[in-house]
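Read the structure below first, then the notes.
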Amino acid sequence: MATLITGATGGLGRAFVYECAKRGDALVLTGSNQEKLTKITNDVKKDFENIEVFSKTCDLSVKEDREAFFAWVKENNIEIDFLINNAGYIAEGEFLTF
């Protein structure tokens, strides 16, 4: 059983990662920041040595990134059973200015 978590490097995404790891799920993690993705991947592998963790940088707002991500999933024979779609866009400011 593998769970794909998008936006895995942020606060809520990171919480989902650790909750799924505690359940023993294999993880497929993605986020747009390579440095943060590498850190959470290494942290989870260290904290949960008994689960598989795959990760690949992907900006889901970019078509080519999405295509490359799903090609990578297929090439690596990763079967995804669950999706936690946590990726999003953060904007700050007054509501009426957006």
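Small disclaimer: the values here were computed from a predicted structure and weren't measured.
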Treat each ILVMFWY residue as a node, draw an edge where side-chain heavy atoms are under 4.5 Å apart, and state whether [X] and [Y] are in one component.
X   : Y   : answer
Y18 : I84 : yes
V28 : F70 : yes
I51 : F82 : no
I5  : I40 : yes
I78 : L83 : yes

Kindly compute the distance separating [atom1] ([X]) from [atom2] ([Y]), expressed to the nearest 0.5 Å.
X   : Y   : atom1 : atom2 : result
K39 : R14 : NZ    : CZ    : 5.5 Å
D59 : D65 : CG    : CG    : 5.5 Å
L29 : L37 : CG    : CG    : 6.5 Å
T41 : K56 : OG1   : NZ    : 12.5 Å

Open item on the list: Just checking E52: does its CD atom have more than 12 heavy atoms from other residues, nucleotides or ligands closer to it than 6.0 angstrom?
Closed with: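 It does not: E52 CD has 12 such atoms or fewer within range.
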Task: Partners passing ring-ring contact (aromatic ring centres under 6.0 Å, His included) against F16 (at least two apart in sequence or in another chain) - done: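 Not a single residue meets the ring-ring contact (aromatic ring centres under 6.0 Å, His included) criterion with F16.
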Open item on the list: Checking F69 now: which residues fulfil ring-ring contact (aromatic ring centres under 6.0 Å, His included) with it, not counting sequence neighbours?
Closed with: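 F69 satisfies ring-ring contact (aromatic ring centres under 6.0 Å, His included) with W72 once adjacent residues are dropped.
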Task: Connected-component partners of L60 among ILVMFWY, side-chain separation under 4.5 Å - done: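 For L60, no cluster forms, as it stays isolated from other hydrophobic side chains.
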Task: Sidechain-backbone polar pair: N33 side chain, E35 backbone, donor-acceptor under 3.5 Å - done: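 At least one qualifying donor-acceptor pair exists.
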Task: Partner residues of D47 under the salt bridge (charged side-chain N to carboxylate O under 4.0 Å, His left out) criterion, sequence neighbours left out - done: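 For D47, no residue satisfies salt bridge (charged side-chain N to carboxylate O under 4.0 Å, His left out) once neighbours in sequence are set aside.
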- [ ] Of all the heavy-atom pairs spanning R23 and T3, show the shortest one and how long it is.
- [x]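 Closest approach of R23 to T3, heavy atoms only: NH2-OG1, 4.3 Å.
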Open item on the list: Tell me which pairs pass side chain to side chain donor-acceptor pair (under 3.5 Å) where either residue lies in residues 73-87, with sequence neighbours left out.
Closed with: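 The answer is T6-N85.
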Task: All side chain to side chain contact (heavy atoms under 4.5 Å, CB included) counterparts of N42, not counting sequence neighbours - done: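 If we apply the side chain to side chain contact (heavy atoms under 4.5 Å, CB included) test to N42, skipping adjacent residues, the hits are T38.
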